[in-house]
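Here is the structure we will look at, set down as structure tokens.
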Amino acid sequence: DEKLAFIHIPKNYGSSCMSILFGREENGSHITADQLNETKGFEDYKNFCFARDPVDRFISTYIWRAAKGSQDNVEEKDASKADRMFNPQTSWMNENTVFVGRCEDFLNELIKLKTIFNLSFEIQEKSLNKTGEMGKRRIRRELKRLFLYHPELKNAFYNFYKNDFEKLGYALNDIDIRSSRTQRLL
């Protein structure tokens with residue numbers, strides 16, 4: 001009987017996972033797989049998590065951080081949490097990570113998780129947390145423009161999240177696509 005734990009990588013559908021898998025509305029804590037396995041009683045646990053396009057995750061984290069920064073009384077612990085939230089996704093995983101689902105196909109990945117590990121939970125679409133989609137699209141367009149005119153920033157972004165792009169099978173290419181409006185500006 002394999003012991004399995006959920007690693008909640010920040011901004012990777014963790015609220016939806018907590019709701020669907022455990023019937024909990026709160027997020028719980030963000031600990032890495034290494035931290036889990038260093039905890040007494042959890043040394044032999046395997047883990048699973050969900051990965052997300054690094055650009056989309058960065059944007060979601062940025063929006064979360066901007067909202068936190070606009071609050072009057074942001075505690076210091078929130079600032080250190082924010083720093084960790086920008087860490088590459090692969091830094092949250094380890095050799096005991098036995099399943100990495102993709103957020104882009106979340107419902108099918110949940111079904112796959114359920115089947116592979118013989119888990120019992122009900123998937124309800126109302127549990128999916130989809131906030132700020134319009135703001136994310138606007139910031140994505142701005143990030144595209146920024147990368148277009150400042151390739152050194154694009155390279156720095158790629159290098160910081162290099163393991164996420166390479167080990168998780170994502171590409172930065174699609175952020176290069178120029179809109180017809182941008183084409184007219186050139």
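Annotation: Tyr13 is in aromatic contact with Phe106 [ring centroid separation under 6.0 Å]. The aromatic ring centres of Phe157 and Phe58 sit less than 6.0 Å apart.
When atom types are taken as modelled, the side chain of Asp164 and the backbone of Thr90 share a donor-acceptor pair closer than 3.5 angstrom. Between the side chain of Gln35 and the main chain of Ala33, no donor-acceptor pair closer than 3.5 Å is present. Formation of a donor-acceptor pair under 3.5 Å by the His8 side chain with backbone atoms of His30 is not found in this model. Side chain of Asn47 to backbone of Leu4: no donor-acceptor contact under 3.5 angstrom is found. A donor-acceptor contact shorter than 3.5 Å is absent between the side chain of Arg65 and the backbone of Met85.
For the atom pair CG (Leu153) and CG (Leu148), the distance works out to 12.0 Å, reported to the nearest 0.5 Å. Here the OG1 atom belonging to Thr61 is positioned 10.0 Å from the CG atom belonging to Asn87, to the nearest 0.5 angstrom. A distance of 10.0 Å separates NZ of Lys112 from OG1 of Thr115, quoted to the nearest 0.5 Å. Atom CD1 of Ile63 and atom CZ of Arg138 lie 7.5 Å apart (nearest 0.5 Å). Put simply, CD on Glu38 and OG1 on Thr32 are 6.5 Å apart, with the number rounded to the nearest 0.5 Å. To the nearest 0.5 Å, atoms CG (Leu113) and CG (Asn108) are separated by 12.5 Å.
Of the listed residues (Phe121, Tyr45, Phe48), just one forms a ring-ring contact (aromatic ring centres under 6.0 Å, His included) with Phe6, and that residue is Phe48.
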Assess the residue pair Cys17 and Phe50 against the criterion (side-chain contact (heavy atoms from CB on, under 4.5 Å)); give the C-alpha distance rounded to whole Å, side-chain angles, the decisive distance to 0.1 Å, and a yes or no. CA-CA 9 Å; Cys17 283; Phe50 284 84; 3.5 Å; yes
Do Met93 and Ile9 pass the side-chain contact (heavy atoms from CB on, under 4.5 Å) test, and can you show the C-alpha distance, the side-chain angles, and the key distance before you say yes or no? CA-CA 9 Å; Met93 303 172 197; Ile9 299 173; 4.0 Å; yes
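Counting all heavy atoms, side chain and backbone alike, Gly41 lies closest to Asp44 at O-OD1, 4.3 Å. Contact between Pro54 and Tyr161 at its shortest, heavy atoms only, is CB-CB, 4.3 Å. Of all heavy-atom pairs spanning Ala51 and Leu168, the tightest one is CB-CD1, 3.8 Å.
Looking at Gln89 and Arg57, their side chains come closer than 4.5 Å, going by heavy atoms from C-beta outward. Between Pro10 and Trp92 there is a side-chain heavy-atom pair separated by less than 4.5 Å. The closest side-chain heavy-atom distance from Lys46 to Asn96 is below 4.5 Å. Contact annotation: the side chain of Val55 approaches that of Leu172 to within less than 4.5 Å [non-hydrogen atoms, C-beta and beyond]. The shortest side-chain heavy-atom distance between Phe86 and Lys11 does not fall under the 4.5 Å cut-off. Put simply, the side chain of Ser60 reaches to within 4.5 Å of the side chain of Arg52, judged on heavy atoms. Ile7 places none of its side-chain heavy atoms less than 4.5 Å from the side chain of Thr97. Here the side chains of Val98 and Phe117 are in contact, with some heavy-atom distance below 4.5 Å.
No more than 12 heavy atoms of other residues, nucleotides or ligands sit less than 6.0 Å from atom OH of Tyr62.
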